[in-house]
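In what follows, chains carry the letters A, B, and so on, assigned in the order in which the sequence lines appear, proteins first and then strands, with residues in each chain numbered from 1. In what follows, every heavy atom counts, from backbone to side chain, and hydrogens, waters and symmetry copies are set aside.
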Amino acid sequence: MDYQSLPHRFGERDPIAALRTAEDGLEPEQAGTRAWRVAGRILGRRGQGGVTFLDLEDESGRVQLLAELERLGEEAYAAVRDVSIGDLVGVEGTALRTRRGELSVQIAAWQLLAPCRLPFPDRHHGLQDVEVRHRQRYLDLMTDPDARERFRARARMVASIRRSLDDGGFVEVETPVLQPLYGGANARPFTTHHNQLDRDLYLRVATELYLKRLVVGGLERVYELGKDFRNEGVSHKHNPEFTMLEFYEAYADCADVMERTERIVADAAQAVLGTTQVEVRGQVVDLAPPWPRVQLGRAIEERVGIDPIALGRDPEPLRELMRERGVDASNDKTWAQLVDHFVSHFVEPELVAPTFLVDYPVELSPLARRKPGADGVVERFEAFCGGMEIANGFSELNDPDDQRARFEEQAAMGRAGDDEAHPVDDDYVTALEYGLPPTGGVGLGIDRLAMLLTGQDTIREVVLFPAMRN
RNA sequence: GGGCCGUUAGCUCAGCUGGCAGAGCAGGGGACUCUUAAUCCCAAGGUCGUAGGUUCGAUCCCUACACGGCCCA
């Protein structure tokens, strides 16, 4: 095949959907009057001697093509009959409804645009091998219109979120992916090296600390929507690179951010689905605000009978309870880790309808502001839906001394073997010393929200190229 | 990291108490002038995930490994 001799363009192309709409009124054996130019991939062929039927699909839809020996002559007809399933072709012709009632394009001119020279996946069963669908996503998209629609829905969701924030007066910014020091989340980073600067750099685990520097600088409402990277396990809700929205709003607090978050999510659902009702894990839930606010301690108490926050900082009763419930808590060294484990094991899976948990222990929240009148608790929330955490936000800690102390505590935990602890970020503390206004912010997991809005139960189905082993 | 399941033609899948590896579709050749997963005929297509082991003989039984899936951490 001489690829260079193939056409370099196919202009003035009509989407197949436009043809279908315009010519829908044709009666059987009636022909349309105008010429159509359509292009796409050949997905079916039915020979019939001097008549050949082909199925042509573009992104907008599918239509049958009709090639007739009598109309085209030997040579052109042979060229059409030589087509392989999967070839990309451009066609010009008038519309015609066949005797059997199928809207078709009667081929007047035919061009091969690009051959498909490898065998096409089974047209009837589709591509079943999950591994191949992920490694060669183009085959999945080629053969499964639902897969294409899923990623279009994701794009509509992201567009809606941007619209919400843009309309709310937020500025979209881009902060470094390669960071000298990582922070903003408890996670292990990927490490890389800059050769000329001869220094190690980290791929960001969050954008938080940079975005809050911008709020210090006077960008009062900022957001960033992009990839974060966490060097940890792969699961149905974790991919090592994933998409996160973070936004920060000066002169607002945790409660304001919760309201904005639930509104953004509900609007995104409306934009993608035309409704705020989604089906998740066999249950219909409504994303319309307001979502219930439940204190973290109460949520745990409802399920296991004790409120660990009210109990003080004694890990032993919690450890004992874990033992009773047959949960292995041997990795949980501290009271805070046990609380975290209680949430993820007993509470999170049950939060199918959208719910905010609020009032988190300060030990789990090194960047959040303390709640007045509540010892050891910060103004923080996590949003859960479909049994997953989808967002995490708080009133931002703006006391540089407290922030430094929290970093030091994190560093101590790091030295004690917690490889997800924050390193101390002196420059960030310096920024706080210049004055961070009272600010609320949140991180929202875009992939997980896409799972909810497209009805998928694994992140791999909403990430185009999920992480795989070699 | 642990447990369970899977890996057979390009794709979708059969197969066997352990005895020469099967089909449909796709691809190749041919017939057929209104098909809809078109139909019919012909030929071709395989390191049965990889490496060992048991056996006269292994796609099948055993072990390890790789990759994937599900569950747990």
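C48(B) and G10(B) have their C1' atoms separated by 16 Å, with the value rounded to a whole Å. Spacing between C41(B) and C34(B) at atom C1', rounded to whole Å, works out to 23 Å. Between A43(B) and G24(B), the two P atoms lie 13 Å apart (nearest whole Å). Annotation: C11(B) and A73(B) have their P atoms spaced 36 Å apart (nearest Å). Taking atom C1' on both nucleotides, G45(B) is separated from U54(B) by 33 Å, rounded to a whole Å. C25(B) sits 31 Å from G69(B) when the P atoms are compared, rounded to a whole Å.
In this structure, Leu118(A) reaches neither bases nor backbone, as no heavy-atom distance under 4.0 Å exists between it and the strands shown. Heavy atoms of Leu127(A) sit under 4.0 angstrom from primed sugar atoms or phosphate atoms, though from no base atom. Heavy atoms of Gln64(A) sit under 4.0 angstrom from at least one base atom. Across all strands, Thr458(A) comes closer than 4.0 Å only to sugar-phosphate atoms, never to a base (heavy-atom distances). Nucleic acid contact for Ser104(A): none, since no nucleic acid atom lies under 4.0 Å from a heavy atom of the residue. Counting any heavy atom pair closer than 4.0 Å across all strands shown, Asp55(A) reaches no nucleic acid atom. Arg123(A) comes within contact range of the sugar-phosphate backbone alone, with a heavy-atom separation under 4.0 Å but no base atom that close. No contact: His341(A) has no heavy atom under 4.0 Å from any strand. Here Gly86(A) lies out of heavy-atom contact (under 4.0 Å) with every strand. Within the 4.0 angstrom heavy-atom criterion, only backbone atoms of the sugar-phosphate kind lie near Arg135(A); the bases stay farther away. Residue contacts shown for Arg81(A) include a base, since a base heavy atom lies under 4.0 Å away.
When distances are taken from the side chain of Gln48(A) to each of U33(B), A26(B), A73(B), the shortest belongs to U33(B). With distances taken from any side-chain atom of His134(A) to the nucleotides C67(B), U33(B), G69(B), the minimum falls on G69(B). Side-chain proximity of Arg469(A) to the nucleotides G28(B), C67(B), C34(B) is greatest for C67(B). Between G68(B), C34(B), A37(B), one nucleotide has an atom nearer to the side chain of Glu131(A) than all others, and that is G68(B). Looking at the side chain of Arg460(A), the nearest of the listed nucleotides C70(B), C11(B), U12(B) is C70(B). Looking at the side chain of Val51(A), the nearest of the listed nucleotides C70(B), U33(B), G28(B) is U33(B).
Spacing between atom CG of Leu65(A) and atom C1' of A38(B) amounts to 16 Å, rounded to whole angstrom units. Atom P of nucleotide A66(B) and atom CE of Met468(A) are separated by 16 Å, given to the nearest angstrom. When rounded to the nearest whole Å, the span between CZ of Arg281(A) and C1' of C71(B) equals 14 Å. Following rounding to the nearest Å, Leu43(A) (CG) and A38(B) (P) show an atom-to-atom distance of 11 Å. What separates CG of Leu66(A) from P of U36(B) is a distance of 14 Å, to the nearest Å. For Gln128(A) and G69(B), the CD to C1' distance is 14 Å, given to the nearest whole Å.
Not a single salt bridge (Lys or Arg N to Asp or Glu O under 4.0 Å) links Arg325(A) to another residue, sequence neighbours left out.
Between His345(A) and the phosphate of A73(B), there is a side-chain N or O to OP1/OP2 separation shorter than 4.0 Å. Note on Arg46(A): every side-chain N or O is 4.0 Å or more away from OP1 and OP2 of A37(B).
Checking side-chain atoms of Glu396(A) against main-chain N and O of Gly441(A) turns up a donor-acceptor pair under 3.5 Å. No donor-acceptor pair closer than 3.5 Å links the side chain of Arg137(A) to the backbone N or O of Phe465(A).
Between Arg188(A) and Asp419(A), the closest heavy-atom pair is CG-O, 3.2 Å.
Judged by closest nucleotide on RNA chain B, Leu69(A) is the one of Leu69(A) and His124(A) placed further toward the 5' end.
Relative orientation of the Phe229(A) and Phe190(A) rings is perpendicular, given thresholds of 30° and 60° on the angle between their planes.
The one candidate from Arg370(A), Arg298(A), Lys371(A), Arg293(A) that meets the salt bridge (charged side-chain N to carboxylate O under 4.0 Å, His left out) condition with Asp359(A) is Lys371(A). A salt bridge (charged side-chain N to carboxylate O under 4.0 Å, His left out) with Lys237(A) holds for exactly one of Glu348(A), Glu461(A), Glu389(A); it is Glu348(A).
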